[in-house]
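Working notes, structure below.
Per chain, numbering begins at 1; letters A, B, ... match sequence-line order.
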Amino acid sequence: FIELILIMSHLVSIISIMVLFRYTDGVKWKFLEHKGPVFAPPYEPLPSNVKFYYDGKHMKLSPEAEEVATFFAKMLDHEYTTKDIFRKNFFKDWRKEMTAEEKSIITDLKKCNFTEMSEYFKAQSEARKAMTKEQKQKIKAENERLLQEYGFCIMDNHKERIANFRIEPPGLFRGRGDHPKMGMLKRRIRPQDIIINCSKCVKSCDVAGFLQNQGREFIAPAFNDPSCVQGEKDWQKYETARRLKKCVDRLRAQYREDWKSKEMRIRQRAVALYFIDKLALRAGNEKEEGETADTVGCCSLRVEHLKLYPENEGQEFVVEFDFLGKDSIRYYNRVPVEKRVFKNLQLFMENKEPDDDLFDRLNTSILNKHLQELMDGLTAKVFRTYNASITLQQQLKELTTADDNIPAKILSYNRANRAVAILCNHQRAPPKTFEKSMQNLQAKIDAKKDQLSDAKRELKSAKADAKVRRDEKSKKAVETKRKAVQRIEEQLMKLEVQATDREENKQIALGTSKLNYLDPRISVAWCKKWGVPIEKIYNKTQREKFAWAIDMADEDYEF
DNA sequence: CAATTAACTTAGGAGTGCGCCA
DNA sequence: TGGCGCACTCCTAAGTTAATTG
């Protein structure tokens, strides 16, 4: 069953090999070889003129302590280096890397002066930018060589790309949101830290397991599935969502019935499921306190995360959600719900403290077990996929106008995509240059408008001219001017569409839903139906990822 | 049944490199 | 031709799910 290949490399002392045989049940391959991960470049000590000062006095740090100090120095411009937790965590871990002497001297982070280091790194980055073309080429070529050597594996008889074959370089952990571990040291990973995880191994690799880094598993280089396998999985995901489509009415009827159940746990389950379905909330696993940022999903919602309004702005039974979800992105929404849901929520919240669980008789495992019974392969996240894809399809139907030109059709597509992103709460920070680039675009529009009125004036006079002269030449001139006007009108329209699109997209991230939630066949079909080139919707990487869909969907495809 | 954890999937932001425009 | 903004790629964090363990 198992074939083993060990490839030695001059760079690393151990080469990881993963050989698993799982052909029968979702088996992907039975022979695999790869060259192991690429380690972070070794630490280069600072030149002696770049100094560190403690309490105003120059101090030469040991290489170990110096390296960690540089991590902090590189972050000096970030606001989080001023945060107490960040500083506390950093200082604690930094001290662990110090010599006994350094430890005895350096006792207060406030007395540390990293500015020379910081300046040095800024200068370095400037220098990098100022490199000549040849130097840049050289670096690029070296990266390419590394990619060729380590970025691929042999899987059965095919050469396949590997994802993250580079080991994370050491640095300071910066979690998202209010993370209790921010500022902690992420150690450098050395070859001897690598433990090979394989089912059966030869000589040098006899231990199975994973090494730990910063409380979180370091995952040995994972392989990109061959694109056909990746596509297969993707396809399956959307097929499951389509099966949900077939029975979603039944499930909805079911959970509405369950709102009336005598059993509290059933009612909680049913209300949670309603939220997951209606609002595309995530499942919401419970998390260990103090280990991660305080974020929640559906099952882990707390009383403090919602407010109930029997009446609000003319609507009955309004629920206001306000909580931090994945990546500490705020979810804020005010939605009217059915009376039964509202009454249930009142009950769930009765006699509870703000930090008590809303669904105290429910967790993701209970919920998913229930879903599994309702439909094979159904889990909470299938609802997100289903609702995202069905929304795209509906919105495309609604928003696309047959005689719109291509840019207008693409605007419609983006708007449909946007509706999904809003549903899934995919947000982004407004780009730093947003205001400026908006102004620039507006200036372009104004210029184009001027150009248009000029062109119109010229057309008018050409017409007048032609009326008097009545010769071929002046007739032709009218035609030319007419075409010019038309062209400028189109250009103007394109710019205006662009402006609308960009404005509406200010705080919304479209990429996540496009990549992970939207059945690509919907988009492919839409492109085919309206003659929009697929390149306008998917870039090169995306076209590769969705090759399976581009191949198989025709214009009548229905999700 | 709860805790642990492997495996997989989804997420936003930083950095950069490339195309477009003046 | 050079500067600038934007799209894309990479990075790594942070979810979900299911299997295992005791």
Side-chain angles (χ1 to χ4, degrees), chain A residues 18 20 22 26 28 75 78 125 128-129 131 133 136-137 139-140 143 147 151 163-169 171 173-177 179 181-182 186 197 208-210 212-220 222-225 230 233-234 237 276 281-288 291-293 295-300 324-329 363-369 371-372 377-385 388 421 424-434 436-441 443-444 447 498 502 505 507-517 538-542:
Chain A
M18 294 178 111
L20 302 167
R22 357 174 233 192
K28 296 170 194 163
M75 294 175 146
H78 287 282
S125 115
R128 245 195 321 276
K129 272 183 214 155
M131 277 188 308
K133 251 195 200 128
K136 282 184 183 173
Q137 276 301 322
I139 292 172
K140 210 177 162 187
N143 277 332
L147 174 72
N164 39 288
F165 58 90
R166 282 171 206 277
I167 286 176
E168 273 184 48
F173 177 78
R174 172 62 183 126
R176 294 171 199 163
H179 199 116
K181 293 190 172 183
M182 66 170 85
K186 294 192 292 176
N197 179 35
F210 286 88
Q212 303 281 315
N213 185 31
Q214 148 53 51
R216 186 186 159 76
E217 302 84 14
F218 163 74
I219 312 295
F223 309 114
N224 251 352
D225 281 318
Q230 183 67 49
K233 273 203 231 163
D234 231 31
K237 176 175 77 180
I276 284 173
L281 300 190
R282 296 187 182 83
N285 285 303
E286 54 265 71
K287 305 179 14 177
E288 216 174 326
E291 290 290 306
T292 60
T295 62
V296 297
C298 185
C299 294
S300 48
L324 298 182
K326 181 176 178 179
D327 292 316
S328 293
I329 297 291
N363 61 39
T364 53
S365 158
I366 296 172
L367 180 69
N368 278 333
K369 277 207 185 87
L371 292 176
Q372 188 58 241
L378 186 62
T379 63
K381 78 189 198 63
V382 178
F383 280 90
R384 256 169 96 81
T385 312
C424 295
N425 200 41
H426 293 141
Q427 297 188 29
R428 62 165 183 177
K432 288 185 186 72
T433 52
F434 186 83
K436 211 171 97 193
S437 82
M438 235 22 218
Q439 276 170 14
N440 288 350
L441 193 57
K444 267 191 198 171
Q498 217 180 76
R502 200 182 293 175
N505 234 19
Q507 302 200 64
I508 298 167
L510 299 184
T512 305
S513 52
K514 204 176 199 176
L515 232 54
N516 302 300
Y517 288 102
Y538 292 135
N539 69 30
K540 190 164 152 272
T541 328
Q542 293 164 340

How long is the line joining NZ of K233(A) and P of dT16(C), in whole Å? 18 Å
Check whether any side-chain N or O of K287(A) sits under 4.0 Å from OP1 or OP2 of dG15(C), and answer yes or no. yes
Taking the side chain of T541(A) as its heavy atoms from C-beta onward, which of dA11(B), dC8(C), dA13(C) lies nearest to it? dC8(C)
Rounded to whole Å, please give me the gap between CZ in F383(A) and C1' in dT17(C). 16 Å
Ignoring backbone atoms, establish whether T364(A) has a side-chain N or O less than 4.0 Å from OP1 or OP2 of dT16(C). no
With heavy atoms under 4.0 Å as the rule, sort T292(A) into base, sugar-phosphate or nothing. nothing
Return the 5'-most residue of the pair G177(A), R502(A) with respect to DNA chain C, ranking by each residue's nearest nucleotide. R502(A)
Just by modelled atom types, is the I329(A) backbone N or O under 3.5 Å from a matching donor or acceptor in the D327(A) side chain? no
Side chain of Q372(A) only, heavy atoms from C-beta on: which candidate in dT10(B), dA18(C), dC8(C) is closest? dA18(C)
How is K540(A) classified with respect to the nucleic acid when contacts are heavy atoms under 4.0 Å: base, sugar-phosphate, or nothing? nothing
Taking for V382(A) and for G175(A) the nucleotide of DNA chain C with the nearest heavy atom, the one nearer the 5' end belongs to G175(A)
Whole angstrom is fine here: how far is it from CG in L515(A) over to P in dT9(B)? 13 Å
Indicate yes or no for a side-chain donor-acceptor contact from R428(A) to the backbone of N505(A) under 3.5 Å, with no hydrogens or angles considered. yes
From CG of N516(A) over to P of dC8(B), roughly how many Å is that when rounded to an integer? 16 Å
Verify, without hydrogens or angle tests, whether Q372(A) (side chain) and G377(A) (backbone) share a donor-acceptor contact under 3.5 angstrom. yes
State whether the side chain of K287(A) and the backbone N or O of A293(A) hold a donor-acceptor pair below 3.5 Å, judged by distance alone. yes
Tell me what G297(A) touches on the nucleic acid: a base, only sugar-phosphate, or nothing, going by heavy atoms under 4.0 Å. nothing
Distance, rounded to the nearest Å, where D234(A) contributes CG and dT9(B) contributes P: 8 Å
In whole angstrom, give the distance that lies between atom CE of M75(A) and atom C1' of dT12(C). 12 Å
Verify, without hydrogens or angle tests, whether N363(A) (side chain) and C299(A) (backbone) share a donor-acceptor contact under 3.5 angstrom. no
Begin from the C-alpha positions of C424(A) and T512(A) and carry the test side-chain contact (heavy atoms from CB on, under 4.5 Å) through to its verdict. CA-CA 9 Å; C424(A) 295; T512(A) 305; over 6 Å; no
Can you give me the closest heavy-atom contact between R384(A) and L281(A), atom names plus distance? CD-O, 4.2 Å
Nearest non-hydrogen partners of R176(A) and S328(A), listed with the distance: O-OG, 3.6 Å
Phosphate OP1/OP2 of dG15(C) contacted by T295(A) side-chain N/O (<4.0 Å): yes
What's the CZ-P distance between R174(A) and dA13(C), to the nearest Å? 11 Å
Output yes when at least one side-chain N/O atom of Y517(A) is less than 4.0 Å from OP1 or OP2 of dT9(B), else no. no
Taking CG from N285(A) and P from dC8(B), how many angstroms apart are they, rounded to a whole number? 18 Å
For nucleotides 12-21 of chain B, give me one character per nucleotide, 5' to 3': B if any protein heavy atom sits under 4.0 Å from the base, S if the only such contacts are to the sugar-phosphate, - if neither. BSS---S---
